Amino acid sequence: MLEGRTGAGNLGKENIDEVIRLLGWVQTRRDHGGVIFVDLRDRSGITQVVFNPDMPEDAFELAEKLRSEFVIEVTGKVRSRPSGSENPNMKTGEIEVVAESLHILNKAKTPPFYIQDQVDVDESVRLKHRYLDLRRPEMQKIFMIRHRVMQIMRSFLDQNGFLEIETPVLCKSTPEGARDYLVPSRVNQGTFYALPQSPQIFKQLLMVSGMEKYFQIARCFRDEDLRADRQPEFTQLDIEMSFIEIEDVLPLMENLVTKIFAEISGTKIPVPFPRLSYQDAMERFGSDKPDTRFGMELIDVAGVVKGSGFKVFTDILAKGGRVKGICAKNCAGMPRREIDALTGFVGIYGAKGLAYIVMGEEGLKSPILKFFTEEEINNLITVMGGETGDILFFVADKESVVHNTLGNLRLELAKRLGLIPEGSLNCLWVTEFPLLEYDEEEKRYVAIHHMFTSPMEEDLPLMETDPLKVRAKAYDLVLNGMELGGGSIRIHRRDVQEKIFDLLSLSTEEAYDKFGYLLDAFEYGTPPHGGIAFGLDRLTMILAGRENIRDVIAFPKTQSASCLLTQAPSPVEEKQLQELHIKLNVKKK
RNA sequence: GGCCCCGUGGUGUAGUGGUUAACAUGCCUGCCUGUCACGCAGGAGAUCGUCGGUUCAAGUCCGAUCGGGGUCGCCA
């Protein structure tokens, strides 16, 4: 059937007088009674087919029966459109195909929405009929980009000596990290596999195996709540290498990322990417994935306010908290109610209030002025870099709340003020992450990256004295304020790994139960190794200019982790449950 | 689990508590030989997500629930 087929979207003046065969869908039919125009669409694009009454009568009658989305086969001759009827809005608008024969390969029901770009239709309707949604050219373009990205990754890594190796999808459940998706075992009553959150342990085992350079485009699963950029199953480019240090990983990955952007969007990203320590990222931007496309950095004002009469600030400082601010340029005209609404905004992130000073033309306006001396206010303005026309915002709280709040307020204001330059690509590495953080709920340390991440050598002594100060050999690639990838140099020494388990309050038995095989493996000559993983979906989002991860996944889940097309998840037969030795205990609603 | 937004013919929207729920588009029928979101004429198509409440009267007000989206928590 494909023999001698021509793509509709690639026809042009150079094809004039060629007799061609098109296979595709009816985009639109315009029936003028005597002459019928059909726009025929296939993956390559759209071309206009003309049906004249002087063609065989039965073929013309057939053309009158055509409707949207009928699948047809047309044979005809390419010709120049009559002068004056060219369509400059169409890639193939200079030519048309005069139909000589028509076959209807299949009829179609009227689709629930237009098969064209910029459809204004509820996303749930698109998802229910995803196979139709994916017919739209803009969706097809996304998946062509996604495909190209994967091909570039594969060829780049192949050329650099990496082996593509698959790892299991049915895995062992591990503590820590995200909630696992579980799969009951039929053969082994009462036991479960977990779907991989990432191929982490297997890729390290492959390093023990001497594979030296591994990659995989791997599906990962995390049973957590969804977001605009988060799906329960997603795809990572997973990479691991032996005999490396950070300085081997980052430049190689910079080459890969710049190659992808150069080939897909023709954008040149300068290398090396800037690096920012976690500490600096948090202090300056209030985020470990800072958007550095604009300024408005966080400024510490503790030095200015610590001796003041403003108890809200001084009390928090006394308790070890922080007082920081951002300067919103040219915002003094912001209406009072909008400023008040920002108090609600910062409340989302746990801040109890938002102090501000409006630097208007007629002087300063602020509910907190009365607590400060003139000198203190002048110092505050100087430190903040405030000028007439600005608003200074302040948050006082414990450090995590201050950073989170101001970091998000900074992004929100930048969006409202249009400070983020369109089309700019801003790649950077965030390095020197802390190894551990303290979990108040569980009253113990937890790993920030994961528990196989190597501490920095010079910080090893701190593991005994001040574990929270220990920095990890971990790095994240951040693009336009989005975490695109992350990785680390791993622990390859058993004694260090056991020390980590110890700090994480994993007992030796527990550690052995969960990771004994890994600890055993580490005793058989493990090379120093490390790696990284990139979120393919997020990368495709940026390359395709999408703000929603569902758009770059062929068959995504809704926010409640269900598939509107297949109705998954769904109840199963009692017999299936019995085979799996499972009894349900469902809460009645 | 919390907060916020949305739900009206196939699709997108309008709709002061008060007649037969309006408009656009799509669909069907007829007409039409140069359109390209063709045009013209006519027609069909809605238990206003669901359940309950207030009211003489509910698409409209209230509550619950279901579904979709955003977000906080969560996501090593």
Side-chain angles (χ1 to χ4, degrees), chain A residues 27-40 46-54 60 64 67-69 81-90 92-93 96 98 109-129 132 174-180 197-198 200 220-232 234 341 344-351 401 404-405 408 412 433-437 439 441 445-453 472 474 476 483 486-488 500 504 533 535 547-548 550 557-560 562 564 567 589:
Chain A
Q27 174 72 32
T28 51
R29 180 190 58 118
R30 294 177 293 279
D31 186 345
H32 288 245
V35 62
I36 299 171
F37 299 101
V38 166
D39 290 341
L40 184 147
I46 291 174
T47 215
Q48 173 168 285
V49 179
V50 188
F51 293 89
N52 283 311
D54 55 1
F60 189 77
E64 288 179 319
R67 294 294 181 272
S68 290
E69 300 308 311
R81 290 201 189 182
S83 166
S85 67
E86 301 90 350
N87 185 346
N89 301 320
M90 227 173 144
T92 59
E96 61 191 7
V98 185
K109 284 168 69 173
T110 304
F113 51 85
Y114 305 100
I115 309 300
Q116 62 186 37
D117 291 351
Q118 284 117 38
V119 280
D120 183 17
V121 56
D122 196 86
E123 197 185 350
S124 57
V125 179
R126 289 172 51 205
L127 291 178
K128 187 175 172 195
H129 304 276
L132 295 178
T174 54
E176 310 277 306
R179 191 177 294 112
D180 281 327
Q197 296 177 26
S198 78
Q200 186 59 39
C220 305
F221 306 86
R222 295 177 189 175
D223 187 5
E224 298 290 350
D225 286 353
L226 291 82
R227 288 287 187 280
D229 62 352
R230 244 160 57 187
Q231 282 273 304
F234 59 99
F345 176 82
V346 300
I348 299 172
Y349 305 99
V401 171
N404 196 22
T405 303
N408 282 104
E412 176 67 18
F433 278 79
L435 188 68
L436 304 165
E437 64 187 340
D439 186 318
E441 256 175 51
Y445 295 109
V446 293
I448 284 187
H449 185 56
H450 59 58
M451 63 180 88
F452 312 110
T453 300
D476 275 2
E483 183 194 330
S488 64
I500 298 290
L504 297 177
E547 296 193 344
N548 177 329
R550 293 181 297 277
K557 305 278 190 290
T558 67
Q559 194 165 67
S560 51
S562 56
L564 293 178
Q567 297 298 311
K589 297 222 166 168

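None of these values were measured; they are calculated from a predicted model. Naming convention: chains lettered A, B, ... in sequence-line order (proteins, then strands); numbering from 1 in each chain.
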_side-chain contact (heavy atoms from CB on, under 4.5 Å) partners for A:Arg81, two or more places apart_ = A:Gln48, A:Ser85, A:Glu86, A:Asn87, A:Met90, A:Glu96

*Is any side-chain N or O of A:Ser560 closer than 4.0 Å to OP1 or OP2 of B:G68?*
yes

*For A:Asp225 and B:G69, give me the distance from atom CG to atom P, rounded to whole Å.*
12 Å

_Going by purine N1 to pyrimidine N3 plus the second Watson-Crick contact, or the G-U wobble pair, all under 3.5 Å, which nucleotide sits opposite B:G39?_
B:C31

*Classify the side chain of A:Asn548 versus the base of B:G69 as yes if they form a donor-acceptor pair under 3.5 Å and no if they do not.*
no

*asked:* Can you measure A:Leu226 atom CG to B:G70 atom P for me and round it to whole angstrom units?
replied: 9 Å

_Taking ring pair (Phe, Tyr, Trp, His ring centres under 6.0 Å) as the definition, give me every residue that meets it alongside A:Phe221, ordered by chain and number, with sequence neighbours left out._
none

*For B:A58, what is the paired nucleotide under Watson-Crick or G-U wobble rules, both distances under 3.5 Å?*
none

_Nearest-Å distance once atom C1' is located in both B:G9 and B:A22_ = 12 Å

_Options B:C75, B:G73, B:G68, nucleotide nearest the side-chain atoms of A:Asn404_ = B:G73

*Quick one: pull up OG1 in A:Thr453 and CD in A:Gln200 and give me the separation to the nearest 0.5 Å.*
7.0 Å

*Distance between the C1' atoms of B:G7 and B:U50, in whole angstroms?*
11 Å

*Rounded to the nearest Å, what distance is computed from the CZ atom of residue A:Arg227 to the P atom of nucleotide B:G68?*
16 Å

*Can A:Glu123 and A:Arg550 be counted as an ion pair, charged N to O under 4.0 angstrom?*
yes

*Once you apply the 3.5 Å cut-off to both distances, tell me the Watson-Crick or G-U wobble partner of B:C3, or none.*
B:G70

*Determine the Euclidean distance between corresponding C1' atoms of B:G59 and B:U47; express it in Å to zero decimal places.*
12 Å

*Can you tell me the Watson-Crick or wobble partner of B:C23, both distances under 3.5 angstrom?*
B:G12

*Specify the separation, in whole Å, of atom CG of A:Asp180 and atom C1' of B:C74.*
14 Å

_What contact category does A:Ser562 fall into here, base, sugar-phosphate, or nothing, at under 4.0 angstrom with non-hydrogen atoms?_
sugar-phosphate

_Identified pairing partner of B:U47, criterion: Watson-Crick or G-U wobble below 3.5 Å_ = none

*Indicate for each nucleotide in nucleotides 27-38 of chain B, in 5' to 3' sequence, whether protein heavy atoms under 4.0 Å reach the base (B), only the sugar-phosphate (S), or nothing (-).*
SSS--BBBBB-B

*Nearest whole angstrom, please: distance from the P of B:G69 to the CZ of A:Arg230.*
14 Å

*When rounded to the nearest Å, what value does the distance between C1' atoms of B:U13 and B:G26 take?*
14 Å

_Phosphate OP1/OP2 of B:G73: any A:Arg179 side-chain N/O under 4.0 Å_ = no

*Relative to the 5' end of RNA chain B, which residue comes earlier, A:Arg222 or A:Phe113, by the nucleotide with the nearest heavy atom?*
A:Phe113

*Spacing of A:Gln559 atom CD relative to B:C74 atom P, expressed in whole Å*: 17 Å

*Before accepting this row, confirm whether a basic side-chain N of the pair A:Arg30/A:Asp39 lies closer than 4.0 Å to the acidic partner's carboxylate O.*
yes

*What residues, two or more places apart in sequence or in another chain, satisfy ring pair (Phe, Tyr, Trp, His ring centres under 6.0 Å) together with A:Phe51?*
none

*How far does the P atom of B:A14 sit from the matching atom of B:U20, given to the nearest Å?*
24 Å

*P atoms of B:U11 and B:G49, separation to the nearest Å*: 13 Å

*Rounded to whole angstrom units, what separation is found between the CD1 atom of A:Ile348 and the C1' atom of B:C72?*
7 Å

*Mind checking A:Arg550 for me? I need base, sugar-phosphate or nothing, with any heavy atom below 4.0 Å counting as a touch.*
sugar-phosphate

_Any residue meeting ring pair (Phe, Tyr, Trp, His ring centres under 6.0 Å) with A:Phe113, in chain and number order, not counting sequence neighbours_ = none

*When you get a sec, tell me which of B:C74, B:G12, B:G68 is the closest nucleotide to the side chain of A:Val125?*
B:G12

_Separation of the C1' atoms in B:G45 and B:U8, to the nearest angstrom_ = 14 Å

_Taking any heavy-atom pair under 4.0 Å as a contact, classify A:Val121: base, sugar-phosphate, or nothing._
sugar-phosphate

*In chain order, what residues pass the side-chain contact (heavy atoms from CB on, under 4.5 Å) check against A:Leu564, with sequence neighbours excluded?*
A:Ser124, A:Leu127, A:Thr558

*Separation of the P atoms in B:G63 and B:C5, to the nearest angstrom*: 12 Å

*Give a yes or no on whether the backbone of A:Thr110 and the side-chain of A:Glu69 come within a donor-acceptor separation of less than 3.5 Å.*
no

_Between B:C74 (C1') and A:Asp229 (CG): distance, integer Å_ = 13 Å

